[in-house]
Each structure stands twice: as structure tokens, then as C-alpha cells.
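The block underneath contains the structure these notes are about, expressed in C-alpha cells.
The sequence lines fix the lettering, A, B, ..., with proteins before strands; numbering per chain opens at 1. Just so you know, these numbers come straight off a predicted model, no measurement behind them. Just so you know, these numbers use all the heavy atoms, side chains as well, and skip hydrogens, waters and symmetry mates.
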Amino acid sequence: MQDLIASLVRDALSAALADGRIDLAEVPEPELEHPRDPSHGDWSTNVAMRSARAAGMPPRQLAQAVADHVAGHPDIASVEVAGPGFINIRLSPRALQRVVAEVREQRLDYGRVDLGCGRRVQVEFVSANPVGPMHVGHGRWAALGDSLARVLAHAGYQVEREFYINDQGVQMDIFAASVAARYMQLLGYEVELPEDGYRGAYINEIAEEILSAEGPSWAGREPTEREAHFKEIAYRAVLEHLKHVLHDMGVDFDVWFSERTLHEPSPDGSPSEIERGIARLRERGYVYENEGAVWFRSTAFGDDKDRVLVKADGTYTYFAADVAYHWDKFHERGFDLVIDIWGADHHGYVPRMKAAVAALGYPGQLDVIIGQLVNLFRNGEVVRMSKRTGEMVTFEELLDEVGADAARYFFLRRSTDQPLDFDIGLAKEQSADNPVYYVQYAHARICSILRKAAAQPDAPDAGALAETLIGKDVDLSVLTDDAELALFRKLAELSEVVEAAARAYAPHKLTRYAEELATCFHQFYTVCRVIDPEAPALSAARLAVVDATRIVLEVVLALLGVSAPQRM
RNA sequence: GCCCUCUUAGCUCAGGGGAUAGAGCGUCUGCCUCCGGAGCAGAAGGCCGUAGGUUCGAAUCCUACAGAGGGCGCCA
């Protein structure tokens, strides 16, 4: 719809130039927007005000010259010049009614846009250390990353979801030592947990599993040997758990990328990816040595200070692995765009990572989204989310309590750069007031109408019913009620919302849209009788409206990763 | 100390150069002989943190200040 209006305005500008009413060196690209006040029309453009100076005439006069050429098109009901020089355009019922047919024809492809032009984008998110359960912030980032991936796919990108497993390093060692300590305690040895060891009950559970599977013989081995063995078992157990929880909320990754593979030499004996990543930076002249360490000159790309890649003791920093990781993403796997979602506590890390990506030869191709934390409350009291404290509330527990749909929707409803206060007690109490139910209810209500119209109250799939119930050639011109036209306008907006959400990496625009659409539907439903044997033509057309609304709700909910129930 | 983000209705938040600033919740008032009332209609509620600036126009952009959160290791 936007494209249609844009080309109408462009043509009108050209026509006004051709007939000499305006004089401009070049035709500006018209900016279109929806006026805040609906009485001003469906679309509005400010081209006249923007070009007034160049054209050497008052904006209102220029606007009138353009408006005269827009008027008359069958899709346009009226064109008016208003205020300081806005051109306000109102669509004809015909143009709005056509949306219903378009939705029913395109079905789940409705609202697709070609912003991505098939470019390959990777979204990396969650990437929790595999040393314990997910906290609630991870759940939020999972919802965000997954929904963003869905939105980008709908916007014409080829998308992959990736989870980076930090399965190398100090945290893993502490984790293994913690499990080993619990194992020894189970066997009656007086062993202390490591200083900063993990204290969650799950550590005991893993230790118990190891004990029952492998018996007590590991108590007699060397501690280093024991810990190395336990590390592998415990790590796999946690990873399986993470996959399971994520899957339960509808998040499935295409790639689980192990940090270890960056450290290991290639099978053919060539250097590890970390070494190759550093070599790449060195090749380009951004690596130097100082005080026994190897440094990356990130200041050449705007970072505050240079960063260490190889410590004086010869080991690699986490950053070195990340350089190699991103080298792999761009060079080995050829992504055009990479989006990393990191926790708020990593935001100081962004400049050096972007610097590294630029130095590797891919400037501007990395975007980092800083996922803000979730402040969890239970009955008004703050619940700490540190992995070290024994009594954290895990994301899994939250999922069990409030359900995947409500959790996801709640997380996605806020913009990503805002911290979120989530009171578990409140979320449970007010679950009926949660806006996700409002949207899902609209969908279920529609399905109920369709079942009723088909006289098949037990039919499992209302969408299939609609297929047979409503002909392709149904006459939509009888749909002229204000509530109907308002609903059509909202249906027509989907592609704009998808594009805006994809551009801004902002799935929360879709929750807002979903609620607005549900409102438009409920208003329509209140005013317009759908099933009416006295008026078969109107009834048939309204069933098409209802079905189109159902389809768009299904699309939006799918983009959010929330279910679209047929009954509730 | 330096850097980043945030500050909009009683509460939780949208809006990120355009016309009279929006939604949900909460508070009041109405609407079920009829397709799902988990719904609809209406009312009340605002110096868009403060002060300057940029321009035809600022909640939106810039600067300073005040509050809130986060970040500043050869940690991960």
C-alpha cells in the first residue's frame, strides 16, 4: 500500500513538473507517514514543505499543484492540502477492501518485505556458559533473538540462529571442581567447595548422577584427572538441559558453536583458528608486542585502549577467541551481517569487538544488541540472579509458572534497551490480564465464528474450514462500515510494521501491532454482525474479513513465537 | 573519575523532526432476548526530568545540569 501511494505521489510530482506548475531541479523522494489524527486521512506527505525552498514557491501552493495530480485515481477517495503544507490522502473503500483478498491469497506470506534481498544474517544469542541453568535474563534474550530471527526472515533475510558455547576457560574449571567436590562429599570425604564454586542444587544432582552411573571409583583418582572427566560429563548434562529448556519455549538453534574448536589445531595439523585470527590481524598491521603480551591496536578503530590477545603467560584472552570466532563467521561462513545479542554487562566490550571485525576486513557488518537484564521480584522482594547464589529462580521455573506464551510475550513487549521488572507473583495473579490473552482471544474468537458458520463446532482447524466456506470471488464491495474500514487499514499495516521491526531490531513493535489489530477486530465484531442468514452476501464478505484477520493474527503471533490457539 | 543507556498519565510503557502527545493496567460510568463479556463504549488523568540552543516546526536533534541503571582487568 505504501508503495502504491509513494508512486502516486512521485507521478504527481512529475506531472506537475511537466505541466510547468512547479519548477524543481530534481524530483524528491516523497516521505510518507500516517497522520496521528485519522481525520487527516490515511497517508500524509511533507514533500511540499521540504521542497518549497528549492521550488521558490509557498509550500501550500506547491502542495496544491501535486495534490491536483494525485486526485482522480480510483484507489484515492480524497486529497487535501492542510496545515503548513501537508498533502493528506484518503484511500477509497475499494483500495481498503482489496486488502482482505490479498491477505487470503498470500496467507502466511502476507506482510513479507524484501529488506534483506536474500542477504545472509546470523543472529547469535543466549550463549550462556554451560555451567548451570539459564537465568531469567537469558530467557528474555532467547525470546528476543528468536523473534528477531523470525522477523528478519519475514523481511527477506536468510537467517541462522547460533548459540556460542563458552566451553573453555576458568569458569568451566571451577564448575568441574564444584561437581567433583560434591561427588567426594557424597562419599563422605570432607572436601570444601572451591572458593568461588557453584552452589546450586543442580551441582549435587549432577554429582549424584555421576556416582550412580560410574560408582565411587573416581574418589581414588588424581583430582586433576577426576575433574577433567567430570567436566565432560557435567558439561554435556547442562548443555542438554539448556537445549531442552530452549526447545520448550520454541527456540531452536541452527548451530551450537563450541569455543573449544577455536583453540584446537585443525585435523590436518595447521594452526588453530585463534592463531589464524591473530595472524589475519597481524597481516593487516594491527598487532604488536609489549611487556610480553600480544596486543591488538583497537584504538585504530575508535576503542579507548588497545586490547591484549595473548597474555604474558602465553595463554589467550577471551577476546582472542572472540576475534577468531568472528573471523570464522565472516570469512569461513560468509555471513553478510552478524547480529550478536549480549547481556548488558558486556556493553563495554562492544567497541573492541567492532574494532576487531573492522580490522578483519568487515567494517560495519557486525551489530551488537545489548539485552537489558530482567529484575526479578517475588512478592515485592528482589531475587538475585547470580549463578553463584544457591537460591536463584531459573528461567525454567519461570516457564513452568507462567507458561511459554506469556513469558515470551511479556519479554518481547518492552523495547530491548529497557530493563524489565518482572514480579512472578504478579505475573501469575494477573495472567488473565496479560495482553497475550487479549490477542490470543481474538484469534480463538474468530475460529469459533468460522466453526459456527460452517456448522462444524468440533472441527479442529478453522483455517481449513474457511478455505471451503468462503469463495475466492466473494464480493467485498459491500464492506463499508467504519469499523470494517478501520480493520482493513490495520491489516494493511503489517508489512510496514515488519519492515520497521526488522530495521530497528525491535520485535516489540509487533506486540503493539498485535494488540492494535486485536482491538480493531473486537470493535468490528461488536458493531458488525458476521453470521446473518438474512443478509447472505454481507455475511459471506464478513466471513472473508474474519478469515483475513485470523491469518494476520496467526502471522504476527508466529513472528513473536507465540501460539495462536483455536480455542482457549 | 571517564564512557554508555534511560527519565513521557497514579503504575508499566509506546512514540525517536510534523498537525490537538498515545496504549495497557488502575479509578469512575454505561453495554449481554443476538456469532465466545478473556469483549465493547465513555469519563477523569500530562510544563514529555530541568535550563539553554539548532529551524518554518522539537517529546524527538545538540549542549549543560539533576536523578536511575550499567560498564571501565593480561576476568569470562
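Donor-acceptor pairing under 3.5 Å, judged by distance alone, is present between the side chain of Ser44(A) and the base of A19(B).
Shown here, G36(B) forms no base pair; nothing in the strands shown gives a Watson-Crick or G-U wobble contact with both key distances under 3.5 Å. Checking A66(B) for Watson-Crick or G-U wobble geometry (two distances, each under 3.5 Å) identifies U7(B) as its partner. Taking a pair to require two hydrogen-bonding distances under 3.5 Å in either a Watson-Crick or a G-U wobble arrangement, C13(B) pairs with G22(B).
Atom name P, nucleotides G57(B) and G69(B): the rounded distance is 38 Å, in whole Å. G36(B) and G42(B) have their P atoms separated by 24 Å, with the value rounded to a whole Å. Taking atom P on both A14(B) and G24(B), the two are 16 Å apart, rounded to the nearest angstrom. Look at the C1' atom in both C40(B) and G49(B): the space between them is 37 Å, to the nearest Å.
Salt bridge status for Asp340(A) with Lys329(A): present, with a side-chain N to carboxylate O gap under 4.0 Å. The pair Asp173(A)-Lys231(A) counts as a salt bridge, with a side-chain nitrogen and a carboxylate oxygen less than 4.0 angstrom apart. A salt bridge between Arg550(A) and Asp547(A) is present, with a side-chain N of the basic residue lying under 4.0 Å from a carboxylate O of the acidic one.
Cation-pi check for Arg260(A) over Tyr235(A) is met; the charged atom lies under 6.0 angstrom from the ring centroid and within 45 degrees of its normal.
The side chain of Lys311(A) places an N or O atom within less than 4.0 Å of a non-bridging phosphate oxygen (OP1 or OP2) of A76(B). Here Ser415(A) reaches the OP1 or OP2 of A14(B): one of its side-chain N or O atoms lies under 4.0 Å away. When the side-chain nitrogen and oxygen atoms of Tyr525(A) are compared with OP1 and OP2 of C34(B), none of them lie within a distance under 4.0 Å.
Here the nucleotide nearest the side chain of Thr317(A), chosen from A21(B), C74(B), A14(B), is C74(B). Here the nucleotide nearest the side chain of Tyr441(A), chosen from A38(B), U7(B), G70(B), is A38(B). Across C35(B), C74(B), A59(B), the shortest atom-to-atom separation from the side chain of Ile449(A) is found for C35(B). Checking C74(B), G70(B), U12(B) against the side-chain heavy atoms of Arg414(A) singles out U12(B) as nearest. Closest approach to the Ala344(A) side chain among A14(B), A21(B), G70(B) is made by G70(B) (side chain taken as heavy atoms from C-beta onward). Taking every side-chain heavy atom of Ile531(A) into account, C35(B) is the closest of C13(B), C74(B), C35(B).
With centres under 5.5 Å and a plane angle under 30°, the ring of His346(A) is stacked against the base of A76(B). Both geometric conditions, a ring-centre gap below 5.5 Å and a plane tilt below 30°, are fulfilled for His40(A) over the base of A19(B). In this structure, the aromatic ring of Phe86(A) is not positioned over the six-membered ring of the base of G18(B) within 5.5 Å between centres and 30° between planes.
Glycosidic conformation, C32(B): syn, with the torsion inside 90° of 0.
Looking at Arg90(A), His34(A), Arg489(A) one by one, the single match for side chain to side chain donor-acceptor pair (under 3.5 Å) with Asp42(A) turns out to be Arg489(A).
Between the P atom of A38(B) and the OH atom of Tyr438(A) lies a distance of 13 Å, rounded to the nearest Å.
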